[in-house]
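Chain identifiers are assigned alphabetically (A, B, ...) following the order of the sequence lines, protein sequences preceding nucleic acid strands; residue numbering begins at 1 within each chain.
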Amino acid sequence: MTITTPVASSTSTAPTAPTAPWDDLVAAALLGTERRTPPVVPRPGQDVPSALLDAAALSTVRRRAGLRPAPARPGPDRAPEDPRPALPAAARSRLALLLADRSAPGRGGSRSAPDLAELLPQWLALANHHSYRVPDALLPALLDAARARTDLRAEALTLGGPRALWLARLNPDWKFALRGTAGRASASLPEPPGAATAPDEEQRLWGEGLFAERVSLLAAARHRDPAAGLALLSGTWSTERAEDRLMFLDSLRDDLSPSDEPFLEQSLSDRSRNVRATAAELLSALPDSALAARMAERSRGCVSLTADEPTADGLTAKGSTGDGLTGKGPTGDGLTGEGPTGDGLTADGLTAKGPTGYGLTDKRPTGDGPTPKGPTGDGLTPKGPTGDGLTADELAASERTPRIAVRPPDECDSGMQRDGVVPKPPSGRGERSWWLGQLVEATPLDRWTEWFGGRGPAEIVALPVADGWQADLHAAWCRAAVRQRSAEWCRALLGTPAVAPVTAGEAAPAAWRDPAKLLSALPARERAEWVAEFIASHGLSDAFRLLGVCAVPWAEPLGRAVVDALDIARDAGSYPWSFSGVMGLAERCLDPTQADRLEVLTAIPDEREGAAPGAGGYWAEAFQRLVGTLRLREAMRAELDPS
Amino acid sequence: MGARTVADMNPQGERWTAEQVLALAPDATSRTAGGKLAAAGKWSGAGAHGRAVWGLCSGSGSKPYQTVVDLNGPGYRCSCPSRKFPCKHALGLLLLWTSGEGGVPAGGEPPEWAGQWLGDRRERAEKLAAGARDGGPGPGGGTGDGAGKGGSGAAADPEAARRRAERRTQRIAAGATELERRLADLLRDGLASADRAGYGAWDETAARMIDAQAPGLEARVRELTAIPSSGPGWPARLLEECALAHLLNQGFLHLDGLPEKLAATTRTRVGLTTPVAELLATEGTVRDRWLVLGRQDGTDGRLTTRRIWLRGERTHRMALLLSFSAPGQSPELALPVGLVLDADLAYYPAARPLRAAIGPRHEGAAEAAPPVAPPAAEGCEVPGAPEGCDVETALAAYGAALGEDPWLDGWPVVLTDVVPVPGDDGWQLADERSGSALPVDPRCAWRTDLWQLMAISGGGPVTVFGECGHRGFSPITTWDPTAVSLIGTAAQGGTR
């Protein structure tokens, strides 16, 4: 029987047959009527088992007919209200479709059909942009999707809103929703759910809430009033766990302001090393902070402009003692002979070795940058060896133009460490260039203009750097430019797309750059233009990462450049899957209004001589899919448009 | 596209939602594939008129597939080789149609290839409705009614039909007698032996019931075999089911002594069914505006059974439509949940009539009926949840039904204002006002759509349609406030 309680099942008196207790019937049935006589009286001519079955049937039906409700257990609390508007009907169906596609993966459809799973992130972002709330009925599917794909979590939980968290608390399968951050949380919503809460309620939720709730609350509070948010955080700071402190600290990043400095400065003495490092990083993004000033001071001692000493090069060219730039010149002497070869080898080393994972640069020089051979020699006497390495022309040029001289720090003292400099370099890197990089990276960029005679970023970047320190210095500047969101510096460091490196393998001096990162600090339009020009010059093979940082939908002339490049690739006779990465991006990122223009490409062209066999058909298929996806995206967008 | 066009296209104001269309899909793969085909670019020559939708879909071959859907039923035809039913093309076409973006323009006459099929279909339906001698596989047509099925030959020779029916009754009686012996043996040796004996012995008995042309008995035997492995308390459950099987055997063996209606119930339970055509011709029909309350597909491995529950607006009567198909196909009868249709139903004769066959639908009548007046493109779904009863009344309804049909496992009810409560020992639907609750049928505990119900409730009261039975309540539909079908994944149950 079920949990429902039968009412006086066996005790009630039936008017007809004598009733036997149900348990006795079961006992007899279980053991067998041979072994135990059931409490029944067979009719004349009836055997005992049949009589038992008769009685059991009567009892069963009677008990079933008399079932009573069970006492109700206490239910869960009500889900919090979600004032956001419901999805339009068409958008709701669309989401159901997208989520259904996720649960039936595999490209069952033809190659020319859109990949719905790839559109889900975009759909979620768009729906969140309009501040919709997910239909309750789709919440479980949405949570399942977010559980399986971490890249969906932030947007999915934003769309799910408070009810998603409420539901996740009831089902262990969705624990992730409570554990992780609520992503952008409600910060981006015009009317964040948390905003309406009274200060008392906010304080209570902050004190007792789940981690995800607290993160989202903090983000909302910070967004509304940075100081109030910070006050919330500092109130409980000392009692938070280290990993929570790290997450909370990190969430200050979005609305960072100078008023956060005292708190961050204090966090430089935190017990946790990661918290300290994050605090230092945040402080260095505040150009007026004391930390930035300290770092700038250190940098200034390491990097200087040697504008007015053109003769020094000539004098030291043949390996005489390095001059007064270094205090520790003497050891340099003996090593200068090796200088030129050392430099040569270094140049090779830059390209021969693969990228390390460090920092911003993909093609980071491994080894110790300029000091692979003689850390003391080369590093200490920057002027000495370079002369040998330069050609006559360069030498002549260097006599006329000022150059940047670099002298990396000798040690990583406790002050530097407190300011977030990590003393131990990753393997394969010299520690002094490692320290230098961190100092320059945390130095406010406008100081360089100040120190270098009022030169703008473009001029500074164009300055020659002595002793092969250019890679280190420029790499650090790149990181600083990205961190400080300096469009001017990013632009200067990027240079023009036409001369940008095609492959990282060549042109070692340029290997320190990561154009994708630098681009991300530029305004969207400029980004699109730069990448468009890059593609026009170099084609698509190296464009994938660059395209990845461009704003969606791609602004013109970028969209056109990509389509043209694809068209060129087709005409060149290659197969479309060589470009599947870019093709996939184009499906997701091209402006849907391009669909009409692309329609002509979906026709299967005549097979031309020299083309790869069947390529025309495959290209047509790929373009069909592209057009289909664009149309679908347009439909998705229209469905979500509230007007 | 305005409301006017919608009305033109759908005399009944029946514009389906995408969910309703997707609910027709036989499986998730079809759903996905159909969704991908719901793009205007895929279709040419598409159109809709009256209750028909058609179009040409370019496939992998040179010749496009011809796809046509008759919304009556609905019925589908497609020239593609897929064995799925409906195929992805039909689904894609319907989805495109529901989107209302002009991919399927309204008006215009169907092309010849579509028109012919539609014409044939309509003709068949009319014949069926008229109770013509050739019934054909109409909607709601049952299987398992082998020899009892009235073909044209039977109508021509009623004497032969009578003889056939008599022979079948004798065979079933023989089967029932054998099952009685088997049950008596079991009780004599003790149920404990059922646990040890395993499946072999019972499989043989089940096979004998097939020989006896008694699918109802066979299904019961198969259920018996599963009980010993169903967890604690199985002896009591096994005794219950043995007793009910015994009751059925005895009922059939003493049919003459039973009241007419109970005899009909007994015959149905054993597996004898009335052919649809005969039913519609001989039984009185009930006309009403029927609200589709729920839909559930189940498979026993050989057959997919679709149950569709209806409730009359005027009569408040519940009705259950059954349709069947081979595995992997979707049964033809596919009324979307939330739809209201004006139609004649013929109930199968029973002490507690529930199962029915659907007769002719009255097109255009909906407009004359009290306006449900949905905004355009929302279809003719009834806005808001239907009225229902509380927990106590639901159990009472089951109890009352049981008094007339002791073999009922559950009775369809709409519960109002219940709160789903998850728990380690199963779910409940709790009534906060009275403090009483219905446990959810433990066999539903694994169903993920209970979480859907939870999400919709938000911890507050909801309306739930489902079957209330001795195992508890199995939810089928809820409202948010449009109908949400909770059965997406149920794979349980054979014929009941």
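- Of the two parts of Ala90(A), neither the backbone nor the side chain holds a non-hydrogen atom closer than 4.5 Å to a non-hydrogen atom of chain B.
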Inset, instruction - Check the pair Leu244(B), Val61(A) against side chain to side chain contact (heavy atoms under 4.5 Å, CB included), reporting the backbone distance first and the verdict last. - result: CA-CA 9 Å; Leu244(B) 288 173; Val61(A) 176; 3.9 Å; yes
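- Note: Asp136(A) leads Asp23(A), Asp136(A), Leu138(A), Val627(A) in heavy-atom pairs under 4.5 Å with chain B.
- In terms of heavy atoms, Gly459(B) sits closest to Arg78(A) at O-NE, 3.0 Å.
- Considering only heavy atoms from C-beta on, Leu53(A) comes within 4.5 Å of Cys242(B) through its side chain.
- For Pro74(A), the part lying near chain B is the backbone, with the side chain staying farther off; criterion is any non-hydrogen pair under 4.5 Å.
- Proximity to chain B is absent for every atom of Leu143(A), based on heavy atoms less than 4.5 angstrom apart.
- Rounding to the nearest 0.5 Å places CD of Gln452(B) at 10.5 Å from CG of Leu167(A).
- Here Ala455(B) is the residue among Gly460(B), Ala430(B), Pro422(B), Ala455(B) with the most heavy-atom pairs under 4.5 Å with chain A.
- The OG1 atom of Thr33(A) sits 8.0 Å away from atom CG of Asp189(B), with the distance rounded to the nearest 0.5 Å.
- Put simply, of Leu139(A), Leu52(A), Leu170(A), the one with the most heavy-atom pairs under 4.5 Å next to chain B is Leu170(A).
- Looking at every heavy atom in both residues, Pro69(A) comes nearest to Ser436(B) through CB-CB, 3.5 Å.
- Between the Gln428(B) side chain and the Pro71(A) main chain, a donor and an acceptor come within less than 3.5 Å of each other.
- How far CG of Leu95(B) is from CZ of Arg94(A): 9.0 Å, rounded to the nearest 0.5 Å.
- Here Asp596(A) pairs with Arg631(A) under the side chain to side chain contact (heavy atoms under 4.5 Å, CB included) rule; sequence neighbours left out.
- Shown here for Pro49(A) and Leu187(B), the closest heavy-atom pair between the two residues is CB-CB, 3.7 Å.
- Applying the salt bridge (charged side-chain N to carboxylate O under 4.0 Å, His left out) test to residues at least two apart or on different chains, the pairs with a partner in residues 39-54 of chain A are Arg43(A)-Asp54(A), Asp47(A)-Arg188(B).
- Separating the CG atom in Asn171(A) from the CH2 atom in Trp451(B) is a distance of 4.0 Å, to the nearest 0.5 Å.
- Note: Ala29(A) leads Ala29(A), Ala57(A), Ala65(A) in heavy-atom pairs under 4.5 Å with chain B.
- A distance of 9.0 Å separates CZ of Arg163(A) from CD1 of Ile456(B), quoted to the nearest 0.5 Å.
- Ranked by heavy-atom pairs under 4.5 Å with chain A, the list Met454(B), His246(B), Glu180(B), Gln250(B) is led by His246(B).
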Inset, instruction - Take Arg64(A) and Asp409(B), measure what side chain to side chain contact (heavy atoms under 4.5 Å, CB included) needs, and give me the verdict at the end. - result: CA-CA 9 Å; Arg64(A) 287 183 179 180; Asp409(B) 275 333; 4.0 Å; yes
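- A distance of 6.0 Å separates CG in Leu239(B) from OG1 in Thr60(A), rounded to the nearest 0.5 Å.
- The residue among Glu241(B), Glu432(B), Glu392(B) with the most heavy atom pairs within less than 4.5 Å of chain A is Glu392(B).
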